[in-house]
Protein chains: 2
Amino acid sequence: MNAGRTARERARAELTEEIKGAARRQLATVGAEALSLRAVSRELGMVSSALYRYFPSRDELLTALIIDAYDALGEAAEAAAGGDDLLAEWVAIYTAVRDWARAHPQEYALIYGSPISGYKAPQTTVEPAIRVPLLLLGLLQRAQASGRLSPPSDAPEPSGLLAQQTEVLVPLAPDLPPAVLVRTVIVWTQLFGMLSFELFGQLVGSMDPADEFFESASRQMAAFVGLT
Amino acid sequence: MNAGRTARERARAELTEEIKGAARRQLATVGAEALSLRAVSRELGMVSSALYRYFPSRDELLTALIIDAYDALGEAAEAAAGGDDLLAEWVAIYTAVRDWARAHPQEYALIYGSPISGYKAPQTTVEPAIRVPLLLLGLLQRAQASGRLSPPSDAPEPSGLLAQQTEVLVPLAPDLPPAVLVRTVIVWTQLFGMLSFELFGQLVGSMDPADEFFESASRQMAAFVGLT
DNA sequence: CCTTGTCAAGAGCACTGCTCTCGATTCTGT
DNA sequence: ACAGAATCGAGAGCAGTGCTCTTGACAAGG
């Protein structure tokens, strides 16, 4: 990817990746809020001020890590997709998301935990952020096409502002009825709410370990959106 | 509450409250991770080392704030309970929880956001933390008693480890069938997942503002647990 | 070759949590 | 009522932080 460039530019690209790698390693051990540029520079054997040649601020480094995290999660989820049994695929996506989150709790907290104080996520993070919900919508779309989607009769038709907001989602899955789109958002929030509760320790004392609960929830949520 | 004590003890109790107040004010503006003992001490016109007479560490101060936040949220939710229409009460609890969270986003992030690095929540936080789910369980219990709870036929009976874990919840609501208990946990995670998404900016571009979506979700989740 | 731009290094600023010591004040047992 | 014990706020100091600015070395392109 960096074939025809000067030695300086190749060195720069390599060092940028090394910095992100070291930052990710430190992130995994001490967490996002304790991520220290000086510690990163120490690990790389350089001086802290030199890092500012590559990332103008700590926030810019965090943004890079956030985008990488969204992409890693999206990739893990997409790798679990495919196959002919749509319900099994649904559960597999849930499991892949959970597995990634449990393997990278600090990166998960970075993207789904409390926003970092004083940090404003740039627009660039939106696209990688919606890979998982997009994947679920795509699956439901395929289910709809093959007649395997039977939206429950009690799913209320959205009206008013809610119907308006649902319109925004239509281009992402044109064939799905609005009621299913709303339920998909509900299911999406449930998935990450459940995950946050597990990772952040809110389930300790009840559903911990959450393996069985998680799978039961994934199947019940599939039924909730009409996937049988 | 502090009638028959010495002047020193009364002063101590008062100052402890003042410290928490100042800390809460600072929390609201700069966030939990940027909460600085020195800034708190500055606001109170005292020296930073003096704070350590009242809270042995920053973490202890955070613990106090966390417990206060759980209690404030629990109180807000409980204040919304009551009345004879159980479904309206259910929606009112949801609304009260959301209103409190939107009014105190940093305190919400403190209790439902990413865990603070290096901070281990003590057992004392568990009891105030479960006030909201307990409230929901109580409501469902009353619905069950008055015959207004009709668990959907497709709610699967928990088995294996999940059944075992569900047992733990039985003392909290002895009359509810296990399947409803599991669904209550699902609903509980959905509520706070939805809230976190709204507050942490994950819904921007789709369901934001989330008023209508939130109410629709609260009603659909009521139906999901069998409340009609 | 030599100018121009890029680089790491180092010193320094203002901040953080936390510890320790020092008098001064207040409480308590006699 | 008074002496000893406990508690208090103040201040200095330690090791760490993000970030800025300056300095001198090096590589790239004309």
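Protein chains get the first letters and strands the later ones, always in sequence-line order, with residue 1 at the start of each.
A/Glu33 places its CD atom 13 Å from the C1' atom of C/dT16, with the value rounded to the nearest Å. Between B/Asp59 atom CG and C/dT16 atom P there is a gap of 17 Å when expressed in whole angstrom units. One atom, CZ of B/Arg53, and another, P of C/dT19, lie 12 Å apart when rounded to the nearest Å. Distance B/Leu51 CG to D/dG9 C1': 11 Å, rounded to the nearest Å. Between the P atom of C/dC15 and the CG atom of B/Leu37 lies a distance of 16 Å, rounded to the nearest Å. Atom OH of B/Tyr54 is separated from atom C1' of D/dA10 by 13 Å (rounded to the nearest Å). The separation between B/Arg8 atom CZ and C/dC27 atom C1' is 6 Å, rounded to whole Å. Spacing between atom CE of A/Met46 and atom P of D/dC19 amounts to 15 Å, rounded to whole angstrom units.
In summary, the side chains of A/Thr189 and B/Gln190 do present a donor paired with an acceptor at a separation below 3.5 Å, with no hydrogens or angles considered.
Between A/Arg42 and D/dT17 there is a side-chain N or O to OP1 or OP2 distance below 4.0 Å. Distances shown here put a side-chain N or O of B/Arg12 below 4.0 Å from the OP1 or OP2 atom of D/dC8. A sub-4.0 Å separation between OP1 or OP2 of D/dG9 and a side-chain N or O of B/Tyr52 is absent.
No hydrogens or angles were tested; on distance alone, nothing pairs the side chain of A/Ser49 with the base of C/dA8 as donor and acceptor under 3.5 Å. A/Arg38 contributes no side-chain N or O that forms a donor-acceptor pair with the base of D/dG16 under 3.5 Å.
At distances below 3.5 Å, not a single donor-acceptor pair connects side-chain atoms of B/Glu212 with backbone N or O atoms of A/Leu161.
Residue whose closest nucleotide on DNA chain C sits further toward the 5' end, between B/Ser57 and A/Ala50: A/Ala50.
If you check every strand for non-hydrogen atoms under 4.0 Å, B/Ser36 touches sugar and phosphate atoms only. If you check every strand for non-hydrogen atoms under 4.0 Å, B/Ser48 touches a base. Across all strands, A/Leu35 comes closer than 4.0 Å only to sugar-phosphate atoms, never to a base (heavy-atom distances). Across all strands shown, B/Phe55 has no heavy atoms under 4.0 Å from either base or sugar-phosphate atoms. When heavy atoms are screened at a 4.0 angstrom cut-off, A/Leu15 is found touching the sugar-phosphate backbone but no base atom.
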- Message: As a quick check of understanding, evaluate salt bridge (Lys or Arg N to Asp or Glu O under 4.0 Å) for B/Arg98 and B/Glu215, giving each step before the final call.
- Response: CA-CA 10 Å; B/Arg98 176 168 181 254; B/Glu215 196 194 314; over 6 Å; no

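Applying side-chain contact (heavy atoms from CB on, under 4.5 Å) to A/Trp90 and the options A/Thr95, A/Leu136, A/Leu135 leaves one that passes, A/Leu136.
A cation-pi arrangement is not found for A/Arg131 relative to A/Tyr70, the charged atom failing to lie both closer than 6.0 Å to the ring centre and inside a 45° cone about the ring normal.
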